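This report concerns only the one structure given below.
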Amino acid sequence: MKASWKRLTAHLLLPLAVGGAAALLTRNGIGAFQRLALPPLAPPGWVFPVVWTALYLLMGAAAFLALGPQSPQGRVRRGWGLYGAQLAANFLWPLLFFRWGLLWAALAWLGVLWLLVLATLGAFWRLDRRAGQLLLPYLAWVTFAGYLNLGVALGN
């Protein structure tokens, strides 16, 4: 039982650390974002850290369910590979968008992230259906982020 709590904690902390590192590296760019022309439906700025924190916790919980010792080893390796790739893509997107202001490159990268999230969702779903379901809000938010990114790129 104690090992499960340690494993769950590690799985929850990994995406939070990735998101936290990206937030630290882009905190100066957030002010510039607030001065941009935003598309309709753009939420207020305080929504983003709340939503991303919830999504990172869902990612960690999904990884805990899908990538456990009970899962087939070959599928776990693939799951970890996709999960790691989407975390890396997730880390890079705010740098492209907020830190470097590369709005069109960020949009293209968001497309890569969307595909990686979809592939991770599928791999997790095959390992544990609940894990795949936990990634559905993440896929929806990345889709919405694509709309926002496109709107900002077109309007600025």
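What you see is a predicted model; the values in this text were computed from it and never measured.
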Are the aromatic rings of [X] and [Y] close, with centres under 6.0 Å apart?
X	Y	result
Phe124	Tyr83	yes
Trp5	His11	no
Trp93	Phe97	yes

Any link between [X] and [Y] through a network of hydrophobic side chains (Ile, Leu, Val, Met, Phe, Trp, Tyr) touching at under 4.5 Å?
X	Y	answer
Leu107	Phe91	no
Val47	Leu110	yes
Leu139	Leu150	no
Phe98	Leu36	yes
Trp114	Leu87	yes

What verdict does the side chain to side chain contact (heavy atoms under 4.5 Å, CB included) test give for Leu135 and Leu58, after you've listed the backbone C-alpha separation in whole Å, the side-chain angles of each residue and the deciding distance to 0.1 Å? CA-CA 7 Å; Leu135 293 182; Leu58 289 173; 5.8 Å; no
Could you tell me if the side chain of Gln133 sits less than 4.5 Å from the side chain of Leu121, heavy atoms only? no
Taking the side chain from Thr26 and the backbone from Pro94, do they hold a donor-acceptor pair closer than 3.5 Å? no
Is a side-chain N or O of Trp109 found less than 3.5 angstrom from the main chain of Ala89, in a donor-acceptor match? yes
Testing the 3.5 Å rule here: is there a donor-acceptor pair between the side chains of Trp104 and Asn149? no
Dump the intermediate steps for side chain to side chain contact (heavy atoms under 4.5 Å, CB included) on Tyr138 and Thr120, then the final yes or no. CA-CA 11 Å; Tyr138 181 29; Thr120 305; over 6 Å; no
Met59 vs Leu134, side chain to side chain contact (heavy atoms under 4.5 Å, CB included): CA-CA, chis, key distance, verdict: CA-CA 7 Å; Met59 282 182 231; Leu134 287 173; over 6 Å; no
Could you tell me which non-hydrogen atom of Asn156 sits nearest to which non-hydrogen atom of Val152, and how far apart they are? ND2-O, 2.8 Å
Please report the C-alpha distance between Trp141 and Phe48 in whole Å, then the side-chain angles of each, then the deciding distance to 0.1 Å, and finally whether the side chain to side chain contact (heavy atoms under 4.5 Å, CB included) criterion is met. CA-CA 10 Å; Trp141 185 259; Phe48 294 97; 3.7 Å; yes
Residues at least two apart in sequence or cross-chain that pass ring-ring contact (aromatic ring centres under 6.0 Å, His included) with Tyr147, listed by chain then number, are Phe144
Salt bridge (Lys or Arg N to Asp or Glu O under 4.0 Å) contacts in which one or both residues fall within residues 106-128, not counting sequence neighbours: Asp128-Arg130
